[in-house]
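Notes to accompany the following structure.
Per chain, numbering begins at 1; letters A, B, ... match sequence-line order. Since we're looking at a predicted model, the values are computed, not measured.
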Number of protein chains: 2
Amino acid sequence: MNVLKDILSERGIRPTFQRLTVLAAVSENRSHVTIRELHAALVKKIPTLSKTTLYNTLELFSAKGLVRSLSIDPGEARYDGVVAPHHHFYCSVCGRIIDIEISCPTGRAGEIHGHRIDEVHGYFKGVCRDCLARPGQTSVPPGKHIPAQRRRISHA
Amino acid sequence: MNVLKDILSERGIRPTFQRLTVLAAVSENRSHVTIRELHAALVKKIPTLSKTTLYNTLELFSAKGLVRSLSIDPGEARYDGVVAPHHHFYCSVCGRIIDIEISCPTGRAGEIHGHRIDEVHGYFKGVCRDCLARPGQTSVPPGKHIPAQRRRISHA
DNA sequence: TTCATGTTTGTAATCATTACAAAATAGTTT
DNA sequence: AAACTATTTTGTAATGATTACAAACATGAA
């Protein structure tokens with residue numbers, strides 16, 4: 001894709017193979033990936049890919065406005081290739097993150113009470129429609145978030 | 001304060017000295033404290049206080065709706081004793097967190113697109129009024145957040 | 001080619017958070 | 001009060017995301 005290459009060049013980012021691969025993965029994928037997931041997926045294409053490169057690349061992309069870094073999942077950052085303003089819903093049962101299209105007039109002003117606004121983050125947490133409908137999950141207590149990293153088996 | 005004791009008892013939380021102290025610190029303090037800060041402040045009153053107790057206590061309080069856990073500062077959770085709905089502004093220069101009073105009609109509905117909403121988090125990031133006015137800080141680039149934990153000297 | 005600069009990689013630290021079990025505390029019953 | 005039980009607190013040891021750092025690598029200019 002020369003389109004991706006142009007996107008990087010326009011922002012003064014040298015379009016290396018790694019960066020193009022990361023940009024392709026983040027923007028084609030609609031799933032708010034973590035570094036961990038991204039690394040697991042991309043080592044297939046770039047066997048030597050290091051996590052440090054992913055951290056560096058995504059921080060660079062974030063600074064240049066190509067991706068958005070989400071801190072909705074406590075303990076692990078997630079990256080969104082869609083930079084157009086929208087909010088997110090985090091399901092505390094299945095851990096899924098769902099895009100919420102909302103017109104939030106506040107952030108668009110660019111400033112509030114004299115403070116310059118660079119980023120607007122709107123996070124909703126709760127139980128998603130599917131998990132509510134699933135039998136046996138009817139009484140999930142609020143505030144019980146189970147991030148992916150804590151959902152594993154203990155190695156005691 | 002018997003008021004604090006009643007608050008805990010009403011929610012079925014046994015009002016121990018540790019819990020009362022934590023609740024007092026979080027609710028009287030308007031500063032969105034971290035576990036680290038809280039521990040540093042409270043060991044003066046309870047020399048044996050452990051961080052595990054703070055984690056347990058604040059998770060319990062959060063589950064019972066006595067405090068709100070904020071993930072606006074990447075890398076470190078912050079706790080807000082004010083549970084009434086409001087948003088937050090994070091200054092990427094000084095690291096300060098400022099309350100933003102905003103009427104956000106979306107979250108109050110309790111559900112959106114069939115998803116049950118338990119928590120609403122509105123975070124703005126940028127440069128606060130004071131840091132904008134401070135001379136020598138006029139050209140802070142967007143997206144350069146410096147969390148407290150990374151602001152220390154390296155021990156290499 | 002040589003040089004300088006930017007990029008990638010691997011390894012080692014840092015540090016918030018969690019897991020876990022022992023010690024301490026409080027409430028209850030005898 | 002002692003004995004017992006359930007809850008709470010504490011200290012220590014994992015876990016795991018993120019950062020620091022320097023060596024290896026690639027790239028483009030002179």
Side-chain angles (χ1 to χ4, degrees), chain A residues 5 8-9 11-23 33-40 42-43 45-64 69-79 144-156, chain B residues 5 8-9 11-23 33-40 42-43 45-64 69-79 144-156:
Chain A
K5 191 171 287 192
L8 292 181
S9 297
R11 317 242 174 181
I13 303 173
R14 194 188 294 179
T16 66
F17 183 58
Q18 282 85 342
R19 287 169 175 168
L20 287 169
T21 308
V22 171
L23 183 59
V33 287
T34 65
I35 294 280
R36 194 168 36 86
E37 293 166 351
L38 213 45
H39 187 258
L42 295 186
V43 266
K45 297 182 180 179
I46 311 176
T48 64
L49 183 70
S50 75
K51 281 190 182 170
T52 302
T53 297
L54 291 183
Y55 278 104
N56 289 341
T57 302
L58 287 168
E59 189 192 325
L60 177 65
F61 285 2
S62 181
K64 297 291 184 177
S69 171
L70 310 181
S71 53
I72 190 174
D73 187 341
E76 213 175 359
R78 291 182 171 273
Y79 295 89
K144 253 305 167 190
H145 303 295
I146 308 166
Q149 64 167 3
R150 290 173 217 153
R151 222 176 285 131
R152 78 196 125 65
I153 308 295
S154 175
H155 303 306
Chain B
K5 193 171 285 190
L8 292 181
S9 299
R11 318 241 173 182
I13 303 172
R14 193 188 291 178
T16 66
F17 182 59
Q18 282 85 344
R19 287 169 177 168
L20 287 168
T21 308
V22 171
L23 183 58
V33 289
T34 66
I35 294 280
R36 194 168 37 85
E37 294 166 350
L38 212 45
H39 187 259
L42 296 186
V43 265
K45 298 183 180 180
I46 312 176
T48 65
L49 184 69
S50 75
K51 281 191 182 167
T52 301
T53 297
L54 291 183
Y55 279 104
N56 290 340
T57 301
L58 287 168
E59 189 193 326
L60 177 66
F61 286 1
S62 180
K64 298 291 184 178
S69 171
L70 309 181
S71 53
I72 190 173
D73 187 340
E76 213 176 359
R78 291 182 172 274
Y79 296 89
K144 254 305 167 189
H145 303 295
I146 308 166
Q149 63 166 1
R150 291 174 217 151
R151 220 176 289 131
R152 78 199 124 67
I153 308 293
S154 174
H155 303 306

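The distance from atom CD of Gln18(A) to atom P of dG10(C) is 11 Å, rounded to the nearest whole Å. What separates CZ of Arg19(A) from P of dT27(D) is a distance of 12 Å, to the nearest Å. Between the CG atom of Leu38(B) and the P atom of dA16(C) there is a distance of 14 Å, rounded to whole Å. In this structure, CD1 of Ile46(B) is placed 15 Å from P of dT8(D), rounded to the nearest angstrom. The CD1 atom of Ile35(B) sits 9 Å away from the C1' atom of dT17(C) (whole-angstrom rounding). Between the C1' atom of dT8(C) and the CG atom of Leu42(A) lies a distance of 14 Å, rounded to the nearest Å. Following rounding to the nearest Å, Ile13(B) (CD1) and dT8(D) (P) show an atom-to-atom distance of 9 Å. Atom CG of Leu54(B) and atom P of dT18(C) are 13 Å apart (whole Å).
Distance check: Leu20(A) CG to Lys5(A) NZ gives 6.5 Å after rounding to the nearest 0.5 Å.
If you find the closest nucleotide of DNA chain C to Leu49(A) and to Ala77(B), the one lying nearer the 5' end belongs to Leu49(A). Residue Ser50(B) is the one, among Thr52(A) and Ser50(B), whose nearest nucleotide of DNA chain D lies closer to the 5' end (criterion: closest heavy atom).
The closest side-chain heavy-atom distance from Phe17(B) to Ile46(B) is below 4.5 Å.
Nearest nucleotide to the Thr57(A) side chain, out of dT17(C), dT8(C), dT10(D): dT8(C). When distances run from any side-chain atom of Thr53(B) to the nucleotides dG27(C), dA17(D), dT10(D), the shortest one goes to dT10(D).
Among the candidates Leu23(A), Thr53(A), Ile35(A), the single residue satisfying the side chain to side chain contact (heavy atoms under 4.5 Å, CB included) test with Leu58(A) is Ile35(A). With Val22(A) as reference, Leu54(A) is the one residue of Leu60(A), Leu54(A), Asn56(A), Thr16(A) to meet the side chain to side chain contact (heavy atoms under 4.5 Å, CB included) rule.
Within the structure, a side-chain polar atom (N or O) of Arg36(B) is placed less than 4.0 Å from OP1 or OP2 of dA16(C).
No side-chain donor-acceptor contact under 3.5 Å links Arg19(B) to the backbone of Thr57(B).
If you check every strand for non-hydrogen atoms under 4.0 Å, Thr16(A) touches sugar and phosphate atoms only.
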